[in-house]
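Here the structure is laid out as structure tokens; the discussion comes afterwards.
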Number of protein chains: 2
Amino acid sequence: MTELAELPGYLIRRLQQLAVSMFVTTMGEAGFDLTPVQFAAMTVIGQEPGIDQATLASRIAYDRATIGGVIARLCQKGYVARAIKPENRRARVLSLTTSGEQVLAQVTPMVMSVQTEILGDLTDSESAQFLDLLRKLVAGR
Amino acid sequence: MTELAELPGYLIRRLQQLAVSMFVTTMGEAGFDLTPVQFAAMTVIGQEPGIDQATLASRIAYDRATIGGVIARLCQKGYVARAIKPENRRARVLSLTTSGEQVLAQVTPMVMSVQTEILGDLTDSESAQFLDLLRKLVAGR
DNA sequence: GCTTCACGATATGTATACATATCATACGAC
DNA sequence: GTCGTATGATATGTATACATATCGTGAAGC
């Protein structure tokens, strides 16, 4: 008999579910309407202003098709500006608006505390161990 | 500066992404068209024939609204049968068809090998450790 | 200079994931 | 026995996630 709850794949999905739910709840309680993906996109755009959509997608391991919608929603919220790149009119360069920069600054500390919350049931040494193994599993793949 | 790739939430999402992709690829190569959720649903239905949709959803930590579509697709493939429960005409009881049972039997060993593949980069002791911590993080939440 | 090919993005279709609204049915209260 | 409430399911809307097709644009080859 297959004990679903013992399978790594099942447990990983559950943890991802919990992490997203904590993220969205925390944001919502603070009055922000941001998903994990939107936060990741804004963080990278803040670090590399002028990045194009395809490069952004690869930075955060997303599909190029998906990122379009994410960016569209961030533009609609007024957090991200999109402009056609002069040297390569096929590409669109992205940057944070002033409002986007402010929101990102406010939200980043909350995201950090959510990270602690996700690992809340572990001791410090267990957390470090878990992160090590996570990094090893994701590295390069 | 926020190093996205160091955040637990980000690493968990990436691992989930990898796990799903390995699952779907393995199934596809073997000629089966099954997602992880569909496999989970079929496994539980096989274990508890006659289960209703809401109970099934809670067993695999899914939304009741989502499970409807999952079941609909499994019915369309001919793997699951859905019937109105006589004692409670609001509910629908689920069971595997003969074809569904056969597919589940064929697919289960492959799913087990995918689990090993997901943890492929870890030693046996690291895998056990990782599973322990995963269980601890998910337990009860 | 024109064609072909590559590349960036959008469009479309399938499958989760979840909140909320709605609908049908069942059940308890009176 | 009718009413209000609880329950099981579907419908709708938003947001990923990804494959594939398509379109616009740029670049290389001739």
Side-chain angles (χ1 to χ4, degrees), chain A residues 9-10 12-25 27-28 32-42 50-77 82-94, chain B residues 9-10 12-25 27-28 32-42 50-77 82-94:
Chain A
Y10 177 82
I12 291 165
R13 175 174 74 74
R14 293 279 291 119
L15 183 56
Q16 155 75 357
Q17 222 175 17
L18 287 165
V20 171
S21 143
M22 289 180 200
F23 186 105
V24 172
T25 302
M27 288 299 133
F32 294 101
D33 179 29
L34 268 193
T35 66
V37 186
Q38 290 169 6
F39 169 76
M42 285 179 70
I51 196 172
D52 65 284
Q53 290 190 187
T55 309
L56 170 60
S58 75
R59 286 273 189 290
I60 56 180
Y62 265 74
D63 200 275
R64 281 185 310 166
T66 304
I67 217 74
V70 175
I71 297 300
R73 281 179 285 275
L74 287 173
C75 287
Q76 212 186 345
K77 290 186 218 276
R82 181 155 49 171
I84 289 179
K85 193 173 190 171
E87 317 93 87
N88 183 353
R89 293 174 44 76
R90 292 171 300 184
R92 279 151 189 72
V93 293
L94 306 171
Chain B
Y10 177 81
I12 291 165
R13 176 176 71 74
R14 291 280 290 120
L15 184 56
Q16 155 74 356
Q17 223 176 17
L18 286 166
V20 171
S21 144
M22 287 181 201
F23 186 104
V24 172
T25 302
M27 287 300 133
F32 293 100
D33 179 27
L34 268 193
T35 66
V37 187
Q38 291 169 6
F39 170 76
M42 285 179 70
I51 196 173
D52 65 284
Q53 288 189 189
T55 310
L56 171 60
S58 76
R59 285 273 190 290
I60 57 180
Y62 266 75
D63 199 276
R64 281 186 309 166
T66 304
I67 219 72
V70 175
I71 297 300
R73 281 179 286 276
L74 286 173
C75 287
Q76 214 186 343
K77 289 186 218 275
R82 180 156 48 171
I84 291 180
K85 193 173 187 170
E87 317 93 86
N88 183 352
R89 293 174 46 74
R90 292 173 299 187
R92 280 152 187 73
V93 293
L94 306 171

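We use all heavy atoms of the structure for the numbers below, so side chains are in, but hydrogens, waters and symmetry mates are not. Just so we're on the same page: letters track the sequence lines, and every chain starts at 1.
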May I ask you to verify if any side-chain N or O of [X] is less than 4.0 angstrom from the OP1 or OP2 atom of [N]?
X: B:Arg92; N: D:dT7; answer: no
X: A:Gln38; N: D:dT16; answer: yes
X: B:Gln53; N: D:dT10; answer: yes
X: A:Thr35; N: D:dA15; answer: no

Taking only the side-chain heavy atoms of A:Val37 (C-beta and beyond), determine which of C:dA9, C:dC18, D:dT16 contains the nearest atom. D:dT16
Nearest listed nucleotide, side chain of A:Arg90, among C:dT16, D:dG26, D:dG8: D:dG26
Determine whether B:Asp33 and B:Met27 make a side-chain contact, defined as any pair of heavy atoms from C-beta on separated by less than 4.5 Å. no
Between B:Met42 and B:Leu34, is there a side-chain heavy-atom distance shorter than 4.5 Å? yes
Would you mind reading off the distance between [X] atom [atom1] and [N] atom [atom2], rounded to a whole angstrom?
X: B:Gln17; N: D:dA15; atom1: CD; atom2: P; value: 19 Å
X: A:Asp63; N: D:dA21; atom1: CG; atom2: C1'; value: 14 Å
X: A:Gln16; N: C:dT16; atom1: CD; atom2: P; value: 15 Å

Which is more 5' along DNA chain C, the nucleotide nearest B:Lys77 or the one nearest A:Ser21? Just name the residue.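 Taking each residue's closest nucleotide, the earlier one in sequence belongs to B:Lys77.
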5′-ward residue of the pair A:Arg82/B:Asn88 relative to DNA chain C: A:Arg82
Salt bridge present between B:Asp52 and B:Lys85 (N-O < 4.0 angstrom):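 Salt bridge flag = no for B:Lys85 with B:Asp52.
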Considering only heavy atoms, which members of residues 64-75 of chain B lie under 4.0 Å from some atom of DNA chain C?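 Heavy-atom contacts with DNA chain C come from B:Ala65, B:Thr66, B:Val70, B:Arg73.
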Take A:Ile60 and A:Ile67, measure what side-chain contact (heavy atoms from CB on, under 4.5 Å) needs, and give me the verdict at the end. CA-CA 10 Å; A:Ile60 56 180; A:Ile67 217 74; 3.8 Å; yes
For residues B:Gln16 and B:Arg13, is any side-chain donor paired with an opposing acceptor at under 3.5 Å?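 No, B:Arg13 and B:Gln16 have no side-chain donor paired with an acceptor closer than 3.5 Å.
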Indicate whether the side chain of A:Gln76 and that of A:Arg73 have a donor and an acceptor atom separated by less than 3.5 Å.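 A:Arg73 and A:Gln76 do not have a side-chain donor-acceptor pair below 3.5 Å.
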Interatomic spacing from CG in A:Leu56 to CD1 in A:Ile71 - rounded to 0.5 Å: 5.0 Å
Side-chain donor/acceptor of B:Arg89 to base of C:dT25, under 3.5 Å: no
